[in-house]
Amino acid sequence: MNRFALRVLCLLSICCFSIAGEPFRIEVVDKENGWPVPMVTLRTTHNVTFVTDNAGVVAFDLPELMGREVWFAVESHGYERARDGFGNRGVRLKPVAGGAGKIEVDRTIIAKRLGRLTGAGLFAESQKLGGYVDWKESGVLGCDSVQTALHQGRRFWFWGDTTLAHYPLGVFHTTGARTDPARRIAFKPPVQPRFQMFREANQRPRGVAKMPGKGPTWLSAVVSLPDADGAARLVASFVKVEGFVDVYETGLCVWDDEDSAFKPERVLWTRGPPKEPESDRPPMPDGHGVVWRGEAEGAQDDWMLFGNPLPTLRCPATFEAWKDPATWEVLEPQKTIPRAGGGKAVEPQSGAIAWNEHRQRWVAIFAQKFGAPSFLGEVWYAEAPAPTGPWGPAVKVLSHQNYSFYNPIIHPDSAGKTLLFEGTFTTLFADKPAPLPRYDYNQVLYRLDLDDPALKPALEK
């Protein structure tokens, strides 16, 4: 064999090996609209699992099943395949190296899942197949609930306890980021969030709310308010925590634009003797803030309302009023919201409200306390003529099977007939489910079409 022939043989061998090693591309799509569906688990009969990424893609690469007919059980919160005669939900495909297959699923929830906003490997499966090669990782693997505010022309984002690769709780003083409001989140998948994280010198995401004292710092009620000179001030409430959820101090903090960090403004409460009940904590701005313009009762045209989800406190919408508890007025929201179609009223656990121009009403997204089938994974939608109510009737728009989805917020990129909301998808407070790889303890985004006929019961009087 001459040298040329030997080279050709070697090249052919390399090509054949490369083709044989290429994964089989599986795309999962919504049967109704053809959109890719993230967060779908495909499970083989020998219990190897794959989970679709933000592009709805799985890179199947099991050598023992290539070229064979394979049954994939299809599992997903809010999406499903029809049951076969034995009650199994799934599909058969024949994976071949370099090939592709598609699985259609039916949506069983009103909300449409758009994708994951935080965490690692948003497009990991697609990247195995040569896609999204320029996607840059944030360094965040998981994070708790989000707070957001528009400040000085940029959107600011702040997340709770954050998991990094080098430690399960790599940041516990609130991580943060900025985005350009002009680059809005897409209203359909695949979702590609572009956060500019605040980082340490070594480029790891850093804490931006290092309040004095031991234990984590958690923020809430992040808003931007004008001061007496007309300058915008980014502010928040904070709590210091010991143990799991034991709050021992509360206070107010203000963003320092030069240091890109929150600095303490004042301490509102510090726990006294060990037996002092938490109920002795004074009220403070909590949850999420919205401006109520020109319609509220009283001398001020603009009020800042704080609640989680329904307003529990208001103050004039100025920096000076925000930091002066003497201007705060405690509100008493309704404790439950009637359920559309009747039945037991829904008790909100957490959530947010916003004014919606299309509806010309206030709208709310909230997680249910003591929900079913998930204790803290059932999400509802309701409307009201004013932020103080009356709210209801409520329509369930998202449900989970033994998984939590707490602290949902109405995403600021919502517009008109389209409402976006996100929340923390986590095993916490559920009955020991297996964590879903990459998705667990991260923020997942959903879309709600307000003209969907399924939401009509929310308009009932």
Could you go through residues 177-190 and list every donor-acceptor pair under 3.5 Å that involves a side-chain atom there, pairing it with any protein atom two or more places apart or in another chain?
unit_1	atom_1	unit_2	atom_2	d
Thr179	OG1	Trp157	NE1	2.9
Asp180	OD1	Ala182	N	3.0
Arg184	NH2	Asp413	O	2.7

Close side-chain approach of Trp322 to Val254, heavy-atom, < 4.5 Å
yes
Measure the shortest side-chain to side-chain distance between Val29 and Val105 over non-hydrogen atoms and say whether it is less than 4.5 angstrom.
no
Among residues two or more places apart or on two chains, list those pairs meeting side-chain hydrogen bond (donor to acceptor under 3.5 Å, both in side chains) that have a residue in residues 324-335.
Arg314-Glu329
Keeping the roles fixed (side chain from Asp30, backbone from Glu32), state whether a donor-acceptor pair exists under 3.5 Å.
yes
Ring geometry between Phe50 and Phe60 (parallel below 30°, tilted from 30 to 60°, perpendicular above 60°)
tilted
Residue pairs fulfilling salt bridge (charged side-chain N to carboxylate O under 4.0 Å, His left out) with at least one residue in residues 119-128, sequence neighbours excluded
Glu125-Lys128, Glu125-Arg438
Would you list the pairs meeting salt bridge (charged side-chain N to carboxylate O under 4.0 Å, His left out) in which at least one residue belongs to residues 131-157, sequence neighbours left out?
none
Under the side-chain hydrogen bond (donor to acceptor under 3.5 Å, both in side chains) criterion, do Thr426 and Ser404 qualify, and how do the steps go?
CA-CA 5 Å; Thr426 175; Ser404 295; over 6 Å; no
Using every non-hydrogen atom in the two residues, find where Ile410 and Val363 come nearest and quote the distance to one decimal.
CD1-O, 3.8 Å
Do the rings of Phe421 and Tyr446 sit parallel, tilted or perpendicular, given the 30° and 60° boundaries?
parallel
With a 4.5 Å limit on heavy-atom distance, are the side chains of Asn442 and Thr424 in contact?
no
Check the angle between the aromatic planes of Tyr403 and Phe425 and answer parallel, tilted or perpendicular using the 30° and 60° thresholds.
parallel
side-chain hydrogen bond (donor to acceptor under 3.5 Å, both in side chains) contacts touching residues 207-220 (sequence neighbours left out)
Asp161-Trp218, His173-Thr217, Lys214-Glu242, Thr217-Lys240, Ser220-Asp286
Run the salt-bridge test on Lys263 and Glu265 with the 4.0 Å N-O cut-off and return the result as yes or no.
no
Heavy-atom closest contact (Leu117 atom, Val191 atom, distance)
CD2-CG1, 3.5 Å
Search all heavy atoms of Leu234 against all heavy atoms of Phe262 and return the closest pair with its distance.
O-CE2, 3.9 Å
Please round to the nearest 0.5 Å and tell me the distance separating atom OG of Ser126 and atom CD of Glu27.
8.5 Å
Any salt bridge linking Asp452 with Lys456? Criterion: basic side-chain nitrogen under 4.0 Å from a carboxylate oxygen.
no
In terms of side-chain geometry, is the basic nitrogen of Arg271 or Glu249 positioned less than 4.0 Å from the acidic oxygen of its partner?
no
Residues passing the ring-ring contact (aromatic ring centres under 6.0 Å, His included) test with Phe370, sequence neighbours excluded, are Phe375
I'd like to check Phe306 versus Cys315 (side-chain heavy atoms, cut-off strictly below 4.5 Å). Are they in contact?
yes
Side-chain heavy-atom pair Ser399, Pro373 within 4.5 angstrom cut-off:
yes
Would you say that Tyr79 contacts Val74 through its side chain, given a criterion of any heavy-atom pair below 4.5 Å between the two side chains?
no
Does Ser350 use its side chain to pair, donor to acceptor, with the backbone of Asn407 at less than 3.5 Å?
yes
